[in-house]
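Here's the structure we're looking at; comments come further down.
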Amino acid sequence: MITLGIETSCDDTSIALVRDGSDVLANCVANQDVFHRKFGGVVPEIAARKHLENLLPTIQTALDMASIRMSDIDVFAVTHRPGLIGSLVIGLTAAKVLAAVFSKPLIAVNHIEAHAYAACFAGMPFGTENISLIASGGHTSILHLKDDQLRLVGRTIDDAAGEAFDKVAKSLGLGYPGGPIIDRIAREGNPTSIRFPRPMLDQPNLDFSFSGLKTAVLYHLHHHPDAAREDLSASFQAAVIDVLVEKTMRAASLLKVSTIAVVGGVACNTALRTAFAQKSERSGKRLFIPPSQFCTDNAAMVAGLGYHKYQAGLRSPITIPAQSNAGFEPEPIRLSPSDV
Amino acid sequence: MISTSDAIRITSQSPEQTVRLGFLLASSLLPGDCVLLRGHIGAGKTCLTKGIASGLGVQDISSVHSPSFTLINRYEGTVPVYHVDLYRLEIDSAIDDIEFEDLWNESAVILIEWPEIAVGRIPRITFQIDLVWPMLSQTEREITISASDPQRLEHLKRDIDDHFGH
Ligand SMILES: Nc1ncnc2c1ncn2[C@@H]1O[C@H](COP(=O)(O)OP(=O)(O)O)[C@@H](O)[C@H]1O
Ligand SMILES: [Mg+2]
């Protein structure tokens, strides 16, 4: 069974073809980064227009790569929330039209849930109870997947982790996007050279905060304008990683979950991957971090999740709307002092 | 933008004080009002927004997070609160993508971080808040509040004098 996935929730137009939920035949991303780099970020109106321009050529590329015809597709899966409304609408409308024209089912999925699904591309069996850390430019959350239910047990109370990478990179004059740049530069620096704060580690919950770390870097930079960018990057990155790893491990031990998934664009960070590998090895947890192409926004995760939703009997009505919000109510977990 | 000649000037010594100022400011806000929040990265715009939202009845202050990527967050207080952040926009027509124009038809309070790009498209401005971090300490911020209506500024000034220890 072949699923076509469409993902246009933010700045990348992505189309994927996936067989039986896990066999990725094509995962194409028309990336707007080069275009946006000039502006130092995402420019939504242009993002929406670019999605429109990119969509059909990207579908064609995916079909060509997989040697598949449109009429071979069994299910059309698409992200319908959360994201930038103008961008979501373009992918969603395309999926609705295709599903109607080819008389095939439409499956609309939640972008956050799709990110969590990406761990299956690292070999995690579908439906495994796990703690997922989703860290990207727009999201930083800890989710508990149990009995096919995702519960939001922790989240950032201010900036997302990827946003902190971008803002710090911009302040250091390093360019955009900040994540890959800091990852690269940090390899040449000493992560213990500057002791930046580890925000929220002493709080009895699973929430994150990165705005204080962002300001600590700015303050240090102001008073040490000549500080080596390598050391600044490495020390900042080390603080982000410490908090992400520590809180995720805490969630797993508190909820007695033995499987951890790390997904979202920040999961491409090489030092983060290493830190998680070491920590989960030491605490005997199983760890799944997908290859980078399934961490950043991609349609393979949408197609994969869409396939399983289809198998479970879900069908989305043609009237389903795009929604900017994620639709998850947080279910905060209180930690006892001994857990902190 | 609004002239700052009659502005209220306050020095905040901590994030808690900034939140408290926001809370106080909220009591002078009415449905339909719009507040611009200006200042560099780390100046405290989102921090102040937490206080304003809380003063407008948003129960969970942790849910008030940076909309730099999402561009618009909506919170439910005693009135709907729109928290907009135009940090990533470089051209003003980009606003067309985020249903910006629709916000003004609802009786909500609209708070905008990084409003500069959209100045020509903001139909009304109630208060403008400039936050400056002089970098003398980690926690000191200079906050300037101006208003398009001198009477409302005067009102707020009395509130702040009464409650903010000035
Ligand atoms: N007096 C203060 N007022 C506001 N924020 C402060 C103050 N002192 C320190 N801070 C810290 O500075 C950071 C401000 O970040 P944020 O509100 O995200 O800024 P912005 O939205 O302007 O980029 C927060 O981490 C906050 O705790
Ligand atoms: Mg902000």
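In what follows, chains are A, B, ... by sequence order, proteins preceding strands, each numbered from 1.
- In summary, the side chains of A:Asn298 and A:Glu7 do not present any donor paired with an acceptor at a separation below 3.5 Å, with no hydrogens or angles considered.
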**Q.** A:Thr156/A:Asp207 under side-chain contact (heavy atoms from CB on, under 4.5 Å): CA gap, chis, key distance, verdict
**A.** CA-CA 6 Å; A:Thr156 181; A:Asp207 289 341; over 6 Å; no

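- With chain B as partner, the option from A:Val89, A:Thr215, A:Asn325 having the largest number of non-hydrogen pairs under 4.5 angstrom is A:Thr215.
- Just one residue in the list A:Thr13, A:Thr58, A:Thr8 forms a side chain to side chain donor-acceptor pair (under 3.5 Å) with A:His51, and that residue is A:Thr13.
- Residue contact with chain B, scored on non-hydrogen atoms closer than 4.5 Å, is absent for A:His139.
- Side-chain polar atoms of B:His83 and B:Glu113 form a donor-acceptor pair below 3.5 angstrom.
- The candidate from B:Ser63, B:Ser62, B:Gly42 with the greatest count of non-hydrogen atom pairs under 4.5 Å with chain A is B:Ser62.
- In this model, no donor atom of one side chain and acceptor atom of the other lie less than 3.5 Å apart for A:Asn110 and A:His80.
- Within residues 45-56 of chain B, the residues having any heavy atom closer than 4.5 Å to a heavy atom of chain A are B:Lys50, listed by residue number.
- Remark: the A:Arg334 side chain and the A:Asn205 side chain contain no N/O donor-acceptor pair separated by less than 3.5 Å.
- The aromatic rings of A:His220 and A:His224 sit parallel to each other, their planes meeting at less than 30°, with 60° as the upper class boundary.
- Counting only heavy atoms from C-beta outward, the side chains of B:Leu37 and B:Ile112 never approach each other to under 4.5 Å.
- The environment of NE2 in B:His155 is sparse: at most 12 heavy-atom neighbours from other residues, nucleotides or ligands sit within 6.0 Å.
- Of the possible polar contacts, one joining the A:Arg198 side chain to the A:Phe196 backbone as a donor-acceptor pair under 3.5 Å is found.
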Q: List the steps, then state whether side-chain contact (heavy atoms from CB on, under 4.5 Å) holds for A:Leu152 with A:Glu329.
A: CA-CA 7 Å; A:Leu152 177 63; A:Glu329 279 308 312; over 6 Å; no

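- The aromatic rings of A:His111 and A:His115 sit perpendicular to each other, their planes meeting at more than 60°, with 30° as the lower class boundary.
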Q. How far apart are the C-alpha atoms of A:Leu244 and A:Val266, what are their side-chain angles, what is the distance that settles it, and do they pass the side-chain contact (heavy atoms from CB on, under 4.5 Å) test?
A. CA-CA 10 Å; A:Leu244 292 176; A:Val266 177; 4.3 Å; yes

Q: Given side-chain contact (heavy atoms from CB on, under 4.5 Å), test A:Leu232 with A:Arg229 step by step and report yes or no.
A: CA-CA 5 Å; A:Leu232 270 167; A:Arg229 297 304 187 257; 4.2 Å; yes

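- Of residues 15-33 of chain B, not one residue has a non-hydrogen atom less than 4.5 Å from any non-hydrogen atom of chain A.
- With a 4.5 angstrom heavy-atom cutoff, B:Asn73 does not touch chain A via any of its atoms.
- The contact between A:Ser171 and chain B is made entirely by side chain atoms (from C-beta outward), counting heavy-atom distances below 4.5 Å.
- Residues of residues 138-152 of chain B having a heavy atom under 4.5 Å from any heavy atom of chain A, listed by number: B:Gln138, B:Arg141.
- B:Ser68 is linked by a side chain to side chain contact (heavy atoms under 4.5 Å, CB included) to A:Glu163, A:Lys167, B:Ser66, B:Asp85, B:Tyr87, counting only residues two or more places apart in sequence or in another chain.
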